[in-house]
Structure formats: C-alpha cells, structure tokens
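In what follows, every heavy atom counts, from backbone to side chain, and hydrogens, waters and symmetry copies are set aside. Indexing begins at 1, ligand by ligand and atom by atom, following the structure's order.
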Amino acid sequence: MRFNEPLRERVCAGLQGRVVEIGFGSGLNVPFYPEQVDKVSAVEPADLGWKLAGHRVAESKVPIERAGLDGQSLPFPDNSFDSALSTWTMCTIPDVASALSEVRRVLTPGGTLHFIEHGLAPDRSVQVWQNRLNPLQKAICGGCHLNRNIPALLTTAGFEFRDLDAFYSEDTPRLFAAQNLGVAVAP
Ligand SMILES: C[S@@+](CC[C@H](N)C(=O)[O-])C[C@H]1O[C@@H](n2cnc3c(N)ncnc32)[C@H](O)[C@@H]1O
C-alpha cells in the first residue's frame, strides 16, 4: 500500500464543487479528487510540502491554488466552500479546535468535511502508551499528537457525522494505527 492510496481514494469520494484542503502537504490526495470538484484551495504552511507537490499540481485536471498558510486562521469569507478535506493533519495543527471552527465557518451549511485522521485508540491499553509517549512524539515528529480524540473534536466543533468508520490500520504499530475515516456535515 503506497502512501495509503486506497484510504485516500475512499476519503476523497464525494468531494464536490469548491474544496478547501487543510494540510495539503505534498499533494498526495490530488490524484483522487473526483471530477465533480471545480477547484481546490490548498492550505499548507510548509514551503517544502508545496514544492514537492509541484508535479501533482501541474498534472492535476482540477485547478489547485495555494490559498492559505494556516488552518487555524483561514483567509476566506464565511460559506465559501462546498467541501473540505483533511488527511492526517488534525494530529499536527497546534490549535486544532480553532482550525475545525474555521473549517466549519468557511463551509456552506450542509457542506461536508471529509477526513481520515489517526488519533486516540479505542483500547485503554493502547491509550496508556499513547498518553505516555505523546510528549516524545510531539518533539520528534513536528508537533504530531498521538492521542487526539478526533470524533470528539469534530462534535465539539459542531459537525454531525454522515459517515464514521473507526479501525486500526494493518501493519502499523498500534500507537499510530487507530484511524477515523468519515464525512462530517457542517450545520
Ligand atoms: C502528517 S502531514 C499530512 C500531509 C497530507 N495531508 C497527507 O495526507 O499526506 C501534516 C500536514 O499538516 C500541515 N500543517 C501543520 N500545521 C498546520 C496548520 N496550522 N495549518 C494547516 N496545515 C498545517 C503540515 O505542514 C503537514 O503538511
């Protein structure tokens, strides 16, 4: 499984219209944007990520622009987007609650946030180690948290789930393997 391609294809299904992708990284989701997407506004602070994305952006059938640098403060008016996308980004954004509030603000009512994120495991025995090792993970992995409760963060931000699939990735240490994949709807 190269760069989780089957999961990227799954999470991108149903994106449509104007899309904002937070934590665009090196653009690994670009090949999976459906043809119903009109335009993608990429939000990515790392110049290196945007540089590495260059060939994917250039080859994309969907127009993509780097439109923002920080998911915590989006430079878009309210109700600007039909869909939003976040893949393995909510672990890293320092104030993820603010970022989700911003995503909700810029989505139209009924707009959808498509996400796959690793986070807090369902098993207590795994949680104990996630909590214990979280400071080390943050220090050596660019601020990535092991133990964020993704469904709770989305609910607190006011989203309602259309789909939510929680599972452990295969062939991944359990510390990082608890995934939440789904579609959350902005009220
Ligand atoms: C683990 S990488 C995931 C990248 C990409 N979404 C993917 O699936 O390959 C986390 C990404 O979040 C980005 N990020 C960190 N802080 C951010 C912020 N405040 N706003 C938006 N993105 C941020 C990082 O630069 C990085 O590209």
Side-chain angles (χ1 to χ4, degrees), residues 1-15 19-34 37 40-57 59-60 62 64-76 80-81 83-107 112-120 130 133-134 136-150 153-154 157 159 165 167 169 171-173 175-184:
M1 186 168 67
R2 189 169 172 268
F3 299 130
N4 295 308
E5 286 174 350
L7 294 175
R8 293 183 189 279
E9 185 167 17
R10 242 181 101 187
V11 74
C12 288
L15 290 170
V19 175
V20 57
E21 179 169 355
I22 58 166
F24 183 81
S26 56
L28 293 175
N29 296 317
V30 171
F32 304 105
Y33 294 152
V37 173
V40 173
S41 297
V43 177
E44 173 54 52
D47 291 339
L48 178 60
W50 183 248
K51 191 174 169 193
L52 291 172
H55 66 287
R56 295 187 187 91
V57 172
E59 289 162 15
S60 173
V62 173
I64 302 166
E65 65 167 354
R66 189 183 186 189
L69 299 175
D70 184 0
Q72 299 161 129
S73 176
L74 294 174
F76 313 117
S80 307
F81 295 96
S83 309
L85 176 63
S86 173
T87 63
W88 297 290
T89 292
M90 294 182 206
C91 56
T92 305
I93 295 180
D95 184 352
V96 67
S98 290
L100 291 176
S101 167
E102 279 289 88
V103 171
R104 181 182 156 182
R105 179 183 67 75
V106 301
L107 280 172
T112 52
L113 167 58
H114 297 230
F115 61 90
I116 179 160
E117 301 290 341
H118 75 87
L120 190 68
Q130 288 183 314
L133 294 176
N134 197 49
L136 180 64
Q137 169 80 0
K138 283 198 290 180
I140 64 177
C141 290
C144 172
H145 294 68
L146 290 172
N147 59 354
R148 283 187 167 163
N149 186 330
I150 302 300
L153 283 162
L154 286 162
F159 287 95
D165 187 11
F167 57 94
S169 295
D171 305 326
T172 306
L175 275 178
F176 317 96
Q179 309 287 343
N180 287 279
L181 184 159
V183 177

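- Expressed to the nearest 0.5 Å, how far OG of S41 lies from CG of L74 amounts to 10.0 Å.
- A pairwise comparison of heavy atoms in L107 and L113 identifies CD1-N, 4.2 Å as the closest pair.
- A donor atom on one side chain and an acceptor atom on the other are not found under 3.5 Å apart for S98 and Q72.
- Protein residues with a heavy atom closer than 4.0 Å to ligand 1 are R8, G23, G25, L28, E44, P45, A46, D70, G71, Q72, T87, W88, T89, T92, I93, listed by chain and number.
- Salt bridge status for R105 with E102: present, with a side-chain N to carboxylate O gap under 4.0 Å.
- Taking all atoms of both residues into account, the shortest heavy-atom contact from F115 to V183 is CE2-N, 3.7 Å.
- Of the residues listed (Q179, H118, E117), the one engaging W88 in a side-chain hydrogen bond (donor to acceptor under 3.5 Å, both in side chains) is Q179, and it is the only one.
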